[in-house]
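By convention in this document, chain letters (A, B, ...) are assigned in the order of the sequence lines, proteins followed by strands, and residues within each chain are numbered from 1. Values below: all heavy atoms of this structure, side chains included; hydrogens, waters and symmetry mates excluded.
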Number of protein chains: 2
Amino acid sequence: MSPSLPSGLLGDLDPTSDRAVFRQIADQLREAIDRGRFREGEKLPSEAELVDHYGVSRMTVRNSFSVLQGEGLVHAEHGKGVFVRPRPPVRRLASDRFARRHREQGKSAFIVEANAAGSHPQVDSLEVKEEKASQDVSARLGSVRRVLARRRRYLLDGRPVEFATSYLPLDIARGTQIAEPNPGPGGIYARLEELGHRLDHFEEEICARMPSPAEVKTLHLAAGVPVIHLIRTAFDTEGRPVEVCDTVMAADAYVLSYQLPAT
Amino acid sequence: MSPSLPSGLLGDLDPTSDRAVFRQIADQLREAIDRGRFREGEKLPSEAELVDHYGVSRMTVRNSFSVLQGEGLVHAEHGKGVFVRPRPPVRRLASDRFARRHREQGKSAFIVEANAAGSHPQVDSLEVKEEKASQDVSARLGSVRRVLARRRRYLLDGRPVEFATSYLPLDIARGTQIAEPNPGPGGIYARLEELGHRLDHFEEEICARMPSPAEVKTLHLAAGVPVIHLIRTAFDTEGRPVEVCDTVMAADAYVLSYQLPAT
DNA sequence: CTTGCCCACTCGTCTATACGAGTATGCCTG
DNA sequence: CAGGCATACTCGTATAGACGAGTGGGCAAG
């Protein structure tokens with residue numbers, strides 16, 4: 001037998017309303033969450049309890065949950081229950097994150113920054129290989145046919161948060177330390193400058209969308225979590241694009257920050 | 001009787017697979033869309049047709065559609081069918097969009113830019129009033145209690161794409177043209193500079209998330225479309241924050257672009 | 001005490017059915 | 001010919017039931 005819900009926690013349905021029953025239920029749950037009646041990580045009433053409380057069928061209750069899942073408010077765990085989705089700590093990316101002064105240390109910016117924030121950083125899925133440039137990458141790098149691709153995935157406290165691929169023209173990267181799995185202190189930007197490509201500026205393009213199934217898998221994304229897609233192009237002082245970095249980030253793990261001159 | 005589907009358009013189910021039937025159906029539809037077998041705006045097979053084709057119940061087919069809706073790939077229209085969601089034309093926001101040289105004309109940047117792109121721009125829901133500052137806005141403006149709020153919604157070709165609110169300290173804005181519905185040529189930034197607050201730089205914070213029900217309504221968002229939440233703070237040459245602009249954009253209508261110095 | 005099993009509870013998947021409501025089309029009537 | 005209605009098709013909502021599978025606690029056997 002399902003124990004009945006604490007009275008007052010959730011209201012009743014309005015049979016005179018035009019609003020669909022499953023939406024009314026979703027509304028009540030959403031409001032209860034917003035008001036803090038259910039805290040982050042806390043378990044919502046089970047499907048059976050809500051079926052009893054509202055006197056509706058189970059599919060109707062599930063329909064309500066699927067609305068909230070689509071909004072990224074809750075997530076279901078098989079065998080356990082439906083929980084209020086906790087807001088994970090976010091990583092703030094400042095627009096000066098590629099400044100030279102941040103490039104002195106031996107470790108990558110990601111590692112240094114994560115340590116400072118008290119989290120446990122990790123990089124995996126390293127792949128470095130030459131391949132055919134996609135149409136988009138080719139256009140951005142100035143009609144290059146083949147490129148060196150550096151793929152890696154970033155994790156914070158075991159959770160994957162970002163998947164990035166850098167593309168570099170072969171005439172710049174081939175045979176250098178950039179083509180090695182470990183590009184050395186200061187990362188590939190430091191190597192590029194040593195190779196005579198002094199960096200002048202970056203261009204970043206940002207869009208947000210729902211993830212593809214592959215991205216859901218790679219980033220372990222919950223339902224209702226969008227991704228931020230960022231494409232950065234690095235230009236040297238001669239105006240030549242020397243790297244394109246394609247990054248897909250779990251949107252709930254990031255806040256991007258930019259500083260713009262008013263010029 | 002439902003006409004049967006063109007053979008070869010969609011495959012069969014794999015009963016030996018662990019993958020749930022509704023996921024297999026979603027996979028096949030997604031692949032067909034990706035391969036261009038269904039074009040943008042084109043109608044997918046109706047629920048009844050898929051029921052016949054796969055020999056499953058209608059709820060299973062609907063479940064597949066709801067997966068694709070959550071991914072933002074398709075949208076359903078009551079009484080008509082399920083359609084491949086067209087990618088709307090995107091609005092590119094460049095990081096120099098607030099440069100003084102773009103501030104000369106009589107019309108707002110939004111209008112000018114949209115006209116240049118050949119679309120029909122519109123601004124509505126104008127509201128200008130004094131109100132209590134939220135905690136966040138107060139913190140960003142430097143512990144201000146009350147602010148002037150300027151709310152407006154932007155539309156392109158009749159479609160709402162952005163909802164923005166500017167907050168300004170009362171000691172700056174009260175009694176000036178900034179407090180009028182029409183702030184005059186060059187917008188409020190031009191007025192701020194005339195008032196002696198020469199702008200030095202902007203700070204923008206960006207995150208992406210699923211929209212709240214209110215945002216779905218205001219921006220007429222389809223299922224599976226995230227929003228980009230952008231908060232811009234404008235600083236004058238004395239380092240004082242003179243405006244905070246809180247913007248929520250339909251993510252499928254925007255690409256943001258930034259240029260960063262390599263310093 | 002520890003191990004292992006069973007059971008109760010949870011969500012996941014799927015079927016079958018019913019009715020409602022929006023849309024488009026074609027036919028029939030005036 | 002024009003207007004309106006009937007109808008068939010679309011998706012939306014809701015019910016009732018069945019079985020499967022993951023989880024965790026309690027109980028019984030070793």
Side-chain angles (χ1 to χ4, degrees), chain A residues 1-5 12-27 29 38 41-70 73-85 216 222-224, chain B residues 1-5 12-27 29 38 41-70 73-85 216 222-224:
Chain A
M1 199 56 202
S2 312
S4 75
L5 249 45
D12 294 320
L13 298 178
D14 175 4
T16 70
S17 167
D18 293 359
R19 196 148 176 86
V21 173
F22 76 89
R23 288 187 203 285
Q24 291 187 47
I25 297 178
D27 290 345
L29 290 169
F38 301 108
E42 199 175 334
K43 185 177 169 302
L44 294 180
S46 75
E47 294 175 355
E49 283 168 336
L50 291 173
V51 163
D52 285 354
H53 177 81
Y54 288 113
V56 298
S57 82
R58 189 175 155 225
M59 291 310 290
T60 302
V61 169
R62 282 182 63 77
N63 214 341
S64 313
F65 277 151
S66 93
V67 169
L68 299 178
Q69 274 195 51
L73 275 181
V74 306
H75 70 111
E77 292 184 35
H78 193 168
K80 295 200 201 163
V82 178
F83 301 83
V84 179
R85 205 155 65 74
V216 167
Chain B
M1 200 55 203
S2 311
S4 75
L5 248 44
D12 294 319
L13 298 179
D14 174 5
T16 71
S17 167
D18 293 356
R19 196 151 176 84
V21 173
F22 75 90
R23 287 187 204 285
Q24 292 187 47
I25 298 177
D27 290 344
L29 290 168
F38 301 108
E42 199 175 334
K43 186 177 168 301
L44 294 180
S46 75
E47 294 176 356
E49 283 168 337
L50 292 173
V51 163
D52 285 354
H53 177 80
Y54 288 113
V56 298
S57 83
R58 189 174 156 225
M59 289 311 290
T60 301
V61 169
R62 282 183 62 77
N63 214 341
S64 313
F65 278 151
S66 93
V67 169
L68 299 178
Q69 274 195 52
L73 275 181
V74 307
H75 71 109
E77 292 183 34
H78 193 168
K80 296 201 200 161
V82 178
F83 302 83
V84 179
R85 203 155 66 73
V216 168

- prompt: Counting only side-chain N and O atoms of A/Thr60, is one of them less than 4.0 Å from OP1 or OP2 of D/dT15?
  reply: yes
note: A/Phe22, atom CZ; D/dT13, atom C1'; distance rounded to Å ~ 7 Å
- request: Give the C-alpha distance, both sets of side-chain angles, the deciding distance and a yes or no for salt bridge (Lys or Arg N to Asp or Glu O under 4.0 Å) between B/Arg19 and B/Asp27.
  value: CA-CA 10 Å; B/Arg19 196 151 176 84; B/Asp27 290 344; 2.5 Å; yes
Distance col, row B/His53:NE2 vs B/Glu49:CD, nearest 0.5 angstrom, shows 10.5 Å
Show me the protein contacts with nucleotides 16-19 of chain D, counting only N or O atoms at under 3.5 Å.
from: D/dA18; atom 1: N6; to: A/Arg58; atom 2: NH1; distance (Å): 3.3

Only residue of A/Asp14, A/Val61, A/Val56 satisfying side chain to side chain contact (heavy atoms under 4.5 Å, CB included) with A/Val21 is A/Val56
From OH of A/Tyr54 across to C1' of D/dT15 the rounded distance in Å is 18 Å
The side chain to side chain contact (heavy atoms under 4.5 Å, CB included) partner of B/Gln24 among B/Ser17, B/Pro15, B/Ser64 is B/Ser17
dist A/Ser66:OG -> B/Gln69:CD (nearest 0.5 Å) comes out at 10.0 Å
Separation of C/dA8 atom C1' from A/Glu47 atom CD, nearest Å, is 16 Å
Quiz item: Contact class for A/Phe65 vs. all strands (heavy atom < 4.0 Å): base, sugar-phosphate, or nothing?
Solution: nothing
Separation between CZ (B/Phe83) and CG (B/Leu44), nearest 0.5 Å, reads 8.5 Å
Rounded to the nearest 0.5 angstrom, the CZ-CG distance for B/Phe22 and B/Leu68 is 11.0 Å
Closest heavy-atom pair, B/Glu47 versus B/Arg58, reported as atoms and distance to 0.1 Å, is OE1-NE, 2.6 Å
Shortest non-hydrogen pair, A/Arg85 vs A/Ala222, comes out as CD-CB, 4.0 Å
Whole-Å distance, B/Arg23 CZ to C/dC14 C1', equals 13 Å
Among D/dA14, D/dC11, C/dG12, the one nearest any side-chain atom of B/Ala76 is D/dC11
Where do N or O atoms of nucleotides 22-24 of chain C meet protein N or O atoms at under 3.5 Å, pair by pair?
from: C/dG22; atom 1: N2; to: B/Gly79; atom 2: O; distance (Å): 3.2

Taken to the nearest whole Å, CG/A/Leu13 to P/D/dT13 is 15 Å
In whole angstroms, the gap separating C1' of C/dT10 from CG of A/Leu50 amounts to 13 Å
- OP1 or OP2 of C/dG12 less than 4.0 angstrom from a side-chain nitrogen or oxygen of A/Arg62, does that happen here? yes
### Task
Could you check whether B/Arg19 gets within reach of a base, just the sugar-phosphate, or nothing at all, counting any heavy atom under 4.0 Å?
nothing
